[in-house]
Amino acid sequence: MNLILKDLSTPDLVRVLENNMFAFLTNYGNAPHRQLNCGSNLIRFSTDISFPFFNGVCCAQLQPDQIDATITETLNYFTAQQLPMFWWIGTATQPPDLGKYLEAHGLSNSGEFPVMAIDLSTLPEELFVVEDLAIAQVKDHETLKHWVRVAMVGFEIPDSEYNPYYDLELSLGIDSKEYIRFIGWWKGLPVVISALYLDPQVAGIYVVATMPEARGKGFAKALVLTALHRAYALGYHVATLQASQMGVNVYRRIGFQEYSKIGAYLWTGQLNQKL
């Protein structure tokens, strides 16, 4: 059965878009030697990387009498692991005001991120070409190392996490059909990256990062459009992403529209106890 969305008119579009993000995130916990716990009332994932994006909670469905106990149990787990994490709040989260309970337990509100989507049939047929930028798919270990390094600089991941981050990405596969990475070279140096995550219904754009010296040149747009064209060539009709404040206008110019917002609440574990 073909589940790929044909357009943006499906009544449950927001759920589908948010699920792509949650599938991408929990895929980290599904990697070898990591932890993924799909409980009856939430999904929890963790890695060995001490950076919040790689550990977290999503898809919470909590009854009133279990909210505080579940939050406490979850935070105890991450504190014992000495791992920071994000608790993600989507449109289907229950209760809808879960954020106030999370803040009461010491998590900080990191804001909301627009969940955006685009009809891939509206893409221009020609790729967006930037002079002197050579774009390639990551297909070997050495290129993956460069991809990870650009991601670390772009998202300000501490240098100490390079080895576990590289090991995590390597464990997810270089030749995966669902997770495809792209890298851009400028003046012989790796300066920009993106990734394409394919679920049965839509394509997701993730890990868009540019080295500081290469920003403002249209490189990120070129990498995003490269990933979008690949998704369309593979038979997908809808793509999604979650925009940062820095990137939202770029994505709007490409043709993305906003359909919902994802909330993020940060837990820093042991650090909270020292404040």
Side-chain angles (χ1 to χ4, degrees), residues 21 24-25 27-28 31 34 45-56 82-86 88 110-111 113-114 116 128 130-174 176 179-197 204-228 230 241-251 254 262 264 266 268-269 271:
M21 174 187 175
F24 173 77
L25 290 171
N27 194 42
Y28 286 137
R34 281 80 186 181
F45 64 96
S46 62
T47 70
D48 56 349
I49 303 174
S50 186
F51 193 75
F53 188 75
F54 301 101
N55 314 288
Q82 298 187 29
L83 291 172
M85 66 89 168
F86 280 123
W88 300 96
S110 295
F113 301 89
M116 308 183 80
F128 180 69
V130 181
E131 187 177 357
D132 297 329
L133 181 69
I135 300 174
Q137 182 178 333
V138 176
K139 292 186 175 181
D140 58 71
H141 292 200
E142 197 61 32
T143 308
L144 180 61
K145 291 178 181 178
H146 291 300
W147 188 94
V148 169
R149 180 57 67 187
V150 175
M152 293 189 65
V153 174
F155 293 100
E156 300 182 347
I157 302 171
D159 288 343
S160 59
E161 304 305 314
Y162 175 81
N163 286 335
Y165 185 19
Y166 172 75
D167 290 342
L168 173 62
E169 290 291 339
L170 184 61
S171 73
L172 295 173
I174 296 178
S176 169
Y179 184 36
I180 304 170
R181 308 174 187 86
F182 300 93
I183 188 166
W185 302 82
W186 179 57
K187 297 182 178 180
L189 297 174
V191 296
V192 59
I193 61 170
S194 68
L196 181 64
Y197 183 79
I205 303 295
Y206 297 95
V207 204
V208 179
T210 308
M211 298 292 275
E213 66 272 18
R215 292 171 185 166
K217 302 179 183 296
F219 292 169
K221 178 181 178 181
L223 266 287
V224 169
L225 284 168
T226 296
L228 293 175
R230 175 65 64 86
L241 54 75
Q242 296 75 45
S244 66
Q245 185 175 5
M246 183 184 300
V248 65
N249 288 330
V250 173
Y251 299 133
I254 290 174
I262 290 283
L266 175 65
T268 53
L271 180 59

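If you read the sequence from its start, that first residue is 1, and numbering goes on from there.
The OG atom of S194 sits 8.0 Å away from atom CD1 of I135, with the distance rounded to the nearest 0.5 Å. Taking OG1 of T210 as the start and CZ of F219 as the end, the distance is 8.5 Å to the nearest 0.5 Å. With values rounded to the nearest 0.5 angstrom, L83 atom CG is found 6.0 Å from S46 atom OG. Rounded to the nearest 0.5 angstrom, L223 CG and I205 CD1 are separated by 10.0 Å. How far CG of L196 is from OG1 of T226: 11.0 Å, rounded to the nearest 0.5 Å. How far OH of Y251 is from CD of Q242: 10.0 Å, rounded to the nearest 0.5 Å.
Scanning both residues, I157 and A151, for their nearest heavy atoms gives CD1-O, 4.2 Å. For Q82 against P84, the heavy-atom pair with the smallest separation is O-CD, 4.1 Å. Closest non-hydrogen pair, A264 versus F113, comes out as CB-CE1, 3.8 Å. Here the closest heavy-atom approach between residue V130 and residue G218 is recorded as CG2-O, 3.8 Å. Shown here for V208 and F155, the closest heavy-atom pair between the two residues is O-CZ, 3.5 Å. Between W186 and E213, the shortest heavy-atom distance links the atoms CZ3-O, 3.9 Å.
Contact annotation: the side chain of P212 approaches that of V153 to within less than 4.5 Å [non-hydrogen atoms, C-beta and beyond]. Residues S50 and P158 form no side-chain contact, since every pair of their non-hydrogen atoms from C-beta on lies 4.5 Å or further apart. The side-chain heavy atoms of M116 and V248, taken from C-beta on, include a pair separated by under 4.5 Å. Under the 4.5 Å side-chain criterion, counting only non-hydrogen atoms from C-beta, M21 is not in contact with Y197. L25 is listed as a side-chain neighbour of F53, based on a closest heavy-atom distance under 4.5 Å.
Between the side chain of N55 and the main chain of I49, a donor-acceptor pair closer than 3.5 Å is present. Judged by distance alone, the side chain of S171 and the main-chain N or O of L168 form a donor-acceptor pair under 3.5 Å.
Exactly one of F54, W88, F45, Y206 qualifies for a ring pair (Phe, Tyr, Trp, His ring centres under 6.0 Å) with F24. That residue is Y206. Screening V148, T143, L144 for a side-chain contact (heavy atoms from CB on, under 4.5 Å) involving R181 leaves a single residue, L144.
For E142, the side chain to side chain contact (heavy atoms under 4.5 Å, CB included) test picks out D140, K145, H146, with sequence neighbours left out. Partners of D167 under the side chain to side chain contact (heavy atoms under 4.5 Å, CB included) rule, at least two apart in sequence or in another chain, are R34. By the side chain to side chain contact (heavy atoms under 4.5 Å, CB included) test, D159 pairs with R149, sequence neighbours left out.
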task: Please test M211 against V150 for side chain to side chain contact (heavy atoms under 4.5 Å, CB included), starting from the C-alpha separation and ending with a verdict.
output: CA-CA 6 Å; M211 298 292 275; V150 175; 4.2 Å; yes
### Message
Under the criterion side chain to side chain contact (heavy atoms under 4.5 Å, CB included), I'd like the reasoning laid out for V138 against I193: C-alpha separation, chi angles, the key distance, then a yes or no.
### Response
CA-CA 10 Å; V138 176; I193 61 170; over 6 Å; no
Residues W147, V207; criterion side chain to side chain contact (heavy atoms under 4.5 Å, CB included); working and verdict: CA-CA 10 Å; W147 188 94; V207 204; 3.6 Å; yes
Apply side chain to side chain contact (heavy atoms under 4.5 Å, CB included) to the pair D132 and K187, showing each step before the final yes or no. CA-CA 7 Å; D132 297 329; K187 297 182 178 180; 5.8 Å; no
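Between the side chains of Y179 and E169, a donor-acceptor pair is found at a separation under 3.5 Å.
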